[in-house]
Amino acid sequence: MPTDHVVTMLRAAPPHRAVNALLAMPRDRVERLLGAMDGRLIARLLTAADPARRATLAGHLGDVRLGGELALLPPAEAAAVLAVLPDTRAVPLLGRFGPDQLGEVLDAMPGAARERLAAALDPLRGAELRRTAYEKRVIETLRRTGAGLQWVPGDEGSHLLTRALHRLFGISICHVEVPVLPVTALDAARRAFAGHGVRGLLVVTNAGAGGHTVAAGGAPALVVTWNPGDNDGVLGRSLVRLAG
């Protein structure tokens, strides 16, 4: 029977039955069929298989192929596959995702799998993941306060512009892996907004150093410590205080 016909039949069958039928075939036939499948069908088979068959099926798929297919899936479907793979396979595959995708995939995993795999990531990737997740939460919170946001043009950092009371202000998001926000982070924030005519600067950080005002090239800058467990009003009131 032609390969495409068999793939169609496997797609129509209940996933656990499709896995059993596929793995009952000769190895070269299995690999031809997998080569003709899309990532969504492969994901369905991997998540439906019992651990032994899942390991066998994953063994037919190289990391390049599996990683490429997972990257095309919605985060929830990619997460379902990665959560059931052994850590020795899942962690390198997670390393192929960019920071934003990685955060979305981990967020979509069950809690135990998310914690296990996040802990197994390279420390630098872990720090990048925490920074990206923090920035996302800050931006979501600011938008819920009604703040209109835009990224600073041409800037590669975490710096945004917003308008309040008809004046332009800068917002710098500084997630750091140390207890106290370094002075160098404030200097970087000042440089990022130089030439943009901001009337003040709000520095949002996970570290200590909040609640006080510092000079920022002639414009006031308010440094606020905020964590995802804090309510939206903390950042909303900070903008009002800066603009006032």
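Position 1 is the first residue of the sequence, and the numbers go up from there.
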- Message: Return the OG1 to CG distance between Thr141 and Asp230, rounded to the nearest 0.5 Å.
- Response: 9.0 Å

- Looking at side-chain heavy atoms only, is the closest gap between Val224 and Thr205 below 4.5 Å? no

- Message: Could you walk me through whether Leu57 and Arg54 satisfy the side-chain contact (heavy atoms from CB on, under 4.5 Å) test, starting with their C-alpha distance in whole Å, then the side-chain angles of each, then the deciding distance to 0.1 Å, before giving a yes or no?
- Response: CA-CA 5 Å; Leu57 185 56; Arg54 183 182 301 128; 5.7 Å; no

- Mind jotting down which residue pairs meet the salt bridge (Lys or Arg N to Asp or Glu O under 4.0 Å) criterion with at least one end in residues 199-209? Sequence neighbours excluded, please. none

- CG-CG distance between Leu117 and Leu121, expressed to the nearest 0.5 angstrom: 7.0 Å

- Query: Is there a path from Leu149 to Leu222 through hydrophobic residues (I, L, V, M, F, W, Y) whose side chains come within less than 4.5 Å of each other?
  - Reply: yes

- Message: Please find the pair of heavy atoms, one from Val105 and one from Ala78, that lie closest to each other, and give the distance.
- Response: CG2-CB, 4.3 Å

Side-chain donor-acceptor contacts of residues 3-11 below 3.5 Å, not counting sequence neighbours, with atom names and distances?
unit_1: Thr3; atom_1: OG1; unit_2: Arg29; atom_2: NH1; d: 3.3
unit_1: Thr8; atom_1: OG1; unit_2: Asp4; atom_2: O; d: 3.0

- Item | Heavy-atom closest contact (Tyr134 atom, Asn206 atom, distance) | OH-N, 3.2 Å

- Task: Just jot down the salt bridge (Lys or Arg N to Asp or Glu O under 4.0 Å) partners of Arg114, sequence neighbours excluded, or say none.
- Result: none

- Item | Pairwise side-chain contact, His196 with Pro153, heavy-atom cut-off 4.5 Å (strictly under) | yes

- Message: Show the nearest heavy-atom pair for residues Arg137 and Pro228, with the distance to one decimal.
- Response: NH1-CB, 3.2 Å

- Give the cluster check for Leu181 versus Val183: same hydrophobic cluster or not, with ILVMFWY residues linked at side-chain heavy-atom distances below 4.5 Å. no

- Item | Minimum-distance pair of heavy atoms, taken over all atoms of Leu242 and Gly200 | CD2-C, 3.9 Å

Which side-chain N or O atoms in residues 165-176 pair as donor and acceptor under 3.5 Å with protein atoms at least two apart or in another chain?
unit_1: Arg167; atom_1: NH2; unit_2: Ala243; atom_2: O; d: 2.1
unit_1: Ser172; atom_1: OG; unit_2: His159; atom_2: NE2; d: 3.4

- Atom pair CG/CZ of Leu46 and Arg44 - distance to nearest 0.5 Å: 12.0 Å

- Message: Does anything in residues 81-91 form a salt bridge (Lys or Arg N to Asp or Glu O under 4.0 Å)? List the pairs, not counting sequence neighbours.
- Response: Asp63-Arg89, Asp87-Arg116

- Query: Any salt bridge (Lys or Arg N to Asp or Glu O under 4.0 Å) pairs touching residues 18-28, not counting sequence neighbours?
  - Reply: Arg27-Glu31, Asp28-Arg32

- Query: Which pairs count as side-chain hydrogen bond (donor to acceptor under 3.5 Å, both in side chains) when at least one residue sits in residues 145-154, sequence neighbours excluded?
  - Reply: none

- Query: Could you state the interatomic distance from CG (Leu239) to CG (Leu142), rounded to the nearest 0.5 Å?
  - Reply: 6.0 Å

- Message: Going by salt bridge (Lys or Arg N to Asp or Glu O under 4.0 Å), name the residues that satisfy it together with Glu69, two or more places apart in sequence or in a different chain.
- Response: Arg65

- Message: Nearest 0.5 Å, please: how far is CG in Asp38 from CD1 in Ile42?
- Response: 7.0 Å

- Message: Quick check on the hydrophobic clustering: are Leu61 and Met25 connected, directly or via other members, by side-chain heavy-atom contacts under 4.5 Å?
- Response: yes

- Nearest non-hydrogen partners of Ala147 and Thr162, listed with the distance: CB-OG1, 3.9 Å

- Query: In Å, rounded to the nearest 0.5 Å, how long is the span from CG of Leu85 to CG of Leu70?
  - Reply: 7.5 Å

- Do the side chains of Leu73 and Leu94 join up, straight or via other hydrophobic residues, at under 4.5 Å, putting them in one cluster? yes

- Note on the structure: Here the ring pair (Phe, Tyr, Trp, His ring centres under 6.0 Å) pairs for residues 80-129, sequence neighbours left out, are none

- Item | Closest non-hydrogen atom pair, Ala108 against Ala76 | CB-CA, 3.8 Å

- Task: Provide the full list of salt bridge (Lys or Arg N to Asp or Glu O under 4.0 Å) pairs with a residue in residues 138-153, sequence neighbours left out, each pair given once.
- Result: Arg144-Asp232

- Query: Are Val178 and Val223 grouped together when hydrophobic residues (ILVMFWY) are joined by side-chain heavy atoms under 4.5 angstrom apart?
  - Reply: yes

- Name all residues meeting the salt bridge (Lys or Arg N to Asp or Glu O under 4.0 Å) criterion together with Asp187; count only those two or more places apart in sequence or in a different chain, and write none if there are none. Arg190

- Who are the side-chain contact (heavy atoms from CB on, under 4.5 Å) partners of Ala194, not counting sequence neighbours? none

- Message: Please check: side-chain N/O of Asn227 versus main-chain N/O of Gly229, any donor-acceptor pairing under 3.5 Å?
- Response: no

- Message: Any non-hydrogen side-chain atom of Met37 less than 4.5 Å from a side-chain atom of Leu22?
- Response: yes

- Task: Using the side-chain contact (heavy atoms from CB on, under 4.5 Å) rule, take Phe193 and Asp155 through it: C-alpha gap first, then chi angles, then the decisive distance, then the call.
- Result: CA-CA 9 Å; Phe193 293 102; Asp155 179 73; over 6 Å; no

